[in-house]
Undergrad: 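Take this structure first; my questions come after.
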Amino acid sequence: MGKLITDNPELLLYTESGFHVTVLGGIKLTGLDRLRVTLKLTLSGKTEKTYRHNLDLYNGIQCGQLVERTAEMLDRTESEVTVLIANLTTALENYRSERLEEMKPKQAEKKELSESERKEALKFLKSANLIQRTKEAIAQSGVIGEETNALIAYLTYTSRKRHVPLHLMCLGASGTGKTWLQEKVSELMPEEDKLEITTLSSNAFYYFGREELKHKLLLIEDLDGAESVLYPLRELQSKRRISKTVTLKDNKGNLKTVTLNVEGPVCVSGCTTREKLYEDNANRCILLYMDGSSEQDGKIMEYQRLLSAGLVDEAAQQKIKHVIKNVQRLLRPISVRNPYATYLQLPESVFKPRRTMLLLLLFTETVTYYHQYQRQLKTDESTGEQYIESTPEDVETAFMLLETTLLKKSDELSDACRGFFEKLKTYLKELDTDSFHSRDIRSALRISPSSLGRYLYELDRTGHIRIVKGNRYKGFEYRVQVWQDMETLAGDTKKLIEDIMQQIGSVTRSPSVTQGEFGLHKLQKTNMKGGVTHDK
């Protein structure tokens, strides 16, 4: 057997018994039913005698012609050349197998916790005020600012272990820290439970192993780089499985159909600056809007200075990350029931309320799931299923964390436009006026002409401002028509949440009605009023 030199994948060299074979352009790693090569054959010290040939080494007729012509050109026997080609074919097959094996994603092995690690993680999960303790731990791991967003992301990623996981979309202008937040919170998840994606081909998801993605966290750095896989992603989010039927040839050349199945569920997290472009995906996700304030800028820059000066205890950060990863490993699959689900309502102004309600319910269940070591394990007498129940505190926590998301889903303006409109109103209040010219606002608020044009168009279209005079040559004068819309929306949402919590509180204080009985009674009343419908 000769030696195959693979230093340059585009120029493979094979030597054996005085033969020198160069595989020009290397070999294709796909299509295992063929081995197409372009060969250059010479003998040691006799470079003037060279034979070049392009063929499929799996084609018997072509190989026979190669042996015959090579023996003739290089003055060697056909038996010698036959052995050479056979050994070369074997060497190239082995090389291809090795390359394919190297290209396979390495699945991180599930870590077995030591007794001390288990005790430390269990102590954390049983700690009083677990949500606040987790929030502090996330900050200690190196997440600067964005405390609420980071906690929402952490709980969303935790839901990957449940039968119906949540999904996340980080939104904000370029440079506001979307990718950074996703990356820092995902570092708290075990390596064996996550898969980071930069770019994928349109069919890539269908070629994962059947259960390779099950209960995994899929991290997409930029949705623009994964635009071709948005449809299978939506299917994974909604149906928790995808399938594709393809046509293949068998070893006899006959066509046959094969169905590729990939099972979920998965938890998907992605970042984008273009909320409206990915609206179909955003509807299935909890939306996180990044903090672009000057205060957050100051926190980040201060941390950067401390890090550069060597004043950040990175060892302590790694230690808390290790503890949180073990906390995640200790969470086990368990069913959750929310006896207060029938009280939960949304503001009437929320767009697409069916999916928003489902997100709220699932998030509440995830909060309960995270507290599994602090909840009594119950058994359904009719089915034998074991489960834990949500508490009023879980509901309140879910509302508290998702309050901003509920407001954003109730706002007809995009987040970027809303931010501009609030700055505009503040600026006009300082000037004690309700009208403005676009050229004055552009310089005062330091906004690019293209962005200002988009914002003014959206505000005019939704009736928040109107043109009072001017033309496109001299410029328009605008007047603000709506001043307290966000305050009113926030007040209505807060009042609704307070009313819901009061109802729940009154039931839990009532000794005559159990949680389960009241929930059933409430559901029956709701159904009598018209029923409850569900949407994926």
Undergrad: For the side chain to side chain donor-acceptor pair (under 3.5 Å) test, which of Thr364, Asn338, Thr366, Thr368 pairs with Asp394?
TA: Thr368
Undergrad: Looking at Glu295 and Lys299, is any side-chain nitrogen of the basic one under 4.0 Å from a carboxylate oxygen of the acidic one?
TA: no
Undergrad: What verdict does the side chain to side chain contact (heavy atoms under 4.5 Å, CB included) test give for Leu166 and Leu359, after you've listed the backbone C-alpha separation in whole Å, the side-chain angles of each residue and the deciding distance to 0.1 Å?
TA: CA-CA 7 Å; Leu166 291 158; Leu359 292 177; 4.1 Å; yes
Undergrad: Between Glu192 and Arg329, does a salt bridge (Lys or Arg N to Asp or Glu O under 4.0 Å) hold up when you go through it step by step?
TA: CA-CA 10 Å; Glu192 65 269 19; Arg329 292 182 175 111; 3.0 Å; yes
Undergrad: Check whether any side-chain N or O of Glu221 sits under 3.5 Å from a backbone N or O of Cys271 as a donor-acceptor pair, and report yes or no.
TA: no
Undergrad: Show the nearest heavy-atom pair for residues Ile138 and Ala150, with the distance to one decimal.
TA: CG2-CB, 3.8 Å
Undergrad: With a cut-off of 6.0 Å (strictly less than), are more than 12 heavy atoms of other residues, nucleotides or ligands near CZ of Arg36?
TA: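 It does: Arg36 CZ has more than 12 such atoms within range.
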Undergrad: Do Arg96 and Glu93 sit within salt-bridge range, that is, some charged N less than 4.0 Å from a carboxylate O?
TA: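 Judged by the 4.0 Å cut-off on N to carboxylate O distance, Arg96 and Glu93 do not form a salt bridge.
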Undergrad: Can Lys378 be said to sit on top of Tyr387's aromatic six-ring, NZ or CZ under 6.0 Å from centre and within 45° of the ring axis?
TA: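 Relative to the ring axis of Tyr387, which defines the angle, Lys378 lies outside at least one limit.
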Undergrad: Measure from the side-chain N and O atoms of Glu146 to the backbone N and O of Asp291, and report whether any donor-acceptor pair falls under 3.5 Å.
TA: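 It does hold such a pair.
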Undergrad: Which value, rounded to the nearest 0.5 Å, describes the distance between Leu88 atom CG and Leu57 atom CG?
TA: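 Reported to 0.5 Å precision, the distance equals 6.0 Å.
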Undergrad: Check this for me, if you would: do Lys319 and Asp313 make a salt bridge, where the nitrogen-to-carboxylate-oxygen distance has to be below 4.0 angstrom?
TA: no
Undergrad: Which atoms form the tightest heavy-atom contact between Asp56 and Leu35, and what is the distance?
TA: OD1-N, 2.9 Å
Undergrad: Can you check side chain to side chain contact (heavy atoms under 4.5 Å, CB included) on Leu219 and Ser269, steps first, answer last?
TA: CA-CA 5 Å; Leu219 300 164; Ser269 177; 4.0 Å; yes
Undergrad: Could you tell me whether a side-chain N or O of Ser308 sits under 3.5 Å from a main-chain N or O of Gln304, the two making a donor and an acceptor?
TA: no
Undergrad: Can we say Glu389 and Arg375 salt-bridge, meaning some charged N sits less than 4.0 Å from an Asp/Glu carboxylate O?
TA: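 No, no charged N to carboxylate O under 4.0 Å.
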Undergrad: Does the cation-pi check pass for Arg34 over Tyr58, that is, NZ or CZ under 6.0 Å from the six-membered ring centre and within 45° of its axis?
TA: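 Not flagged: Arg34 not positioned over aromatic ring of Tyr58.
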Undergrad: Testing Tyr157, Tyr154, Tyr370 for side chain to side chain donor-acceptor pair (under 3.5 Å) with Gln328, which one passes?
TA: Tyr154
Undergrad: Taking CZ in Arg446 as the centre, count heavy atoms belonging to other residues, nucleotides or ligands within less than 6.0 Å. Is the count above 12?
TA: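 Not more than 12 within 6.0 Å, no.
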Undergrad: Does a salt bridge link Lys111 with Glu117, judged by any charged N lying under 4.0 Å from a carboxylate O?
TA: yes
Undergrad: Could you go through Ser159 and Leu362, starting from their C-alpha distance and side-chain angles, then the distance that decides it, and tell me whether this counts as side chain to side chain contact (heavy atoms under 4.5 Å, CB included)?
TA: CA-CA 9 Å; Ser159 73; Leu362 290 175; over 6 Å; no
Undergrad: Among all residues two or more places apart in sequence or in another chain, which pass the ring pair (Phe, Tyr, Trp, His ring centres under 6.0 Å) test with Tyr95?
TA: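 Not a single residue meets the ring pair (Phe, Tyr, Trp, His ring centres under 6.0 Å) criterion with Tyr95.
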Undergrad: With distance as the sole test, does Lys126 use its side chain to make a donor-acceptor pair with the main-chain N or O of His371 at under 3.5 Å?
TA: no
Undergrad: Is there a salt bridge (Lys or Arg N to Asp or Glu O under 4.0 Å) between Glu187 and Lys321? Walk through the geometry before answering.
TA: CA-CA 7 Å; Glu187 288 177 358; Lys321 287 179 184 178; 2.6 Å; yes
Undergrad: Quick check against the 3.5 Å criterion: does Lys161 have a side-chain atom that pairs as donor or acceptor with the backbone of Leu331?
TA: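 Yes: the side chain of Lys161 pairs with the backbone of Leu331.
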Undergrad: Verify, without hydrogens or angle tests, whether Gln374 (side chain) and Ser127 (backbone) share a donor-acceptor contact under 3.5 angstrom.
TA: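 Yes, Gln374 side chain to Ser127 backbone: donor-acceptor pair under 3.5 Å.
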Undergrad: Can you check whether Val23's main-chain N or O pairs, donor with acceptor, with Tyr14's side chain at less than 3.5 Å?
TA: no
Undergrad: Look only at the side chain of His167 and the backbone of Val268, and say whether a donor-acceptor pair between them is shorter than 3.5 Å.
TA: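 Yes, His167 side chain to Val268 backbone: donor-acceptor pair under 3.5 Å.
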Undergrad: Less than 4.0 Å between a side-chain N and a carboxylate O, is that true for Arg160 and Asp193?
TA: yes
Undergrad: Looking at side-chain heavy atoms only, is the closest gap between Trp180 and Val143 below 4.5 Å?
TA: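 A side-chain contact under 4.5 Å exists here.
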Undergrad: Could you give the distance from CG (Leu218) to CD1 (Ile220), rounded to the nearest 0.5 Å?
TA: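 If we round to the nearest 0.5 Å, Leu218:CG and Ile220:CD1 are 6.5 Å apart.
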Undergrad: Looking only at non-hydrogen atoms, find the nearest pair between Asn149 and Met290 and report the distance.
TA: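 Minimum heavy-atom contact is ND2-CE, 4.0 Å.
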Undergrad: Looking at Arg337 and Glu385, is any side-chain nitrogen of the basic one under 4.0 Å from a carboxylate oxygen of the acidic one?
TA: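 Salt bridge: yes.
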Undergrad: Quick one, Leu377 with Ile388, criterion side chain to side chain contact (heavy atoms under 4.5 Å, CB included). Give me CA distance, side-chain angles, the key distance, then yes/no.
TA: CA-CA 5 Å; Leu377 189 63; Ile388 55 176; 4.2 Å; yes
Undergrad: Just one of Arg210, Lys239, Arg240 clears the salt bridge (Lys or Arg N to Asp or Glu O under 4.0 Å) bar with Glu263, so which one?
TA: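 The residue from Arg210, Lys239, Arg240 that satisfies salt bridge (Lys or Arg N to Asp or Glu O under 4.0 Å) with Glu263 turns out to be Arg210.
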Undergrad: Does a sphere of radius 6.0 Å around CD in Gln296 hold more than 12 heavy atoms from other residues, nucleotides or ligands, not counting ones at 6.0 Å or beyond?
TA: yes
Undergrad: Return yes if some donor-acceptor pair links the side-chain N/O of Ser186 with the main-chain N/O of Glu183 below 3.5 Å, else return no.
TA: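 Confirmed, Ser186 side chain pairs with Glu183 backbone.
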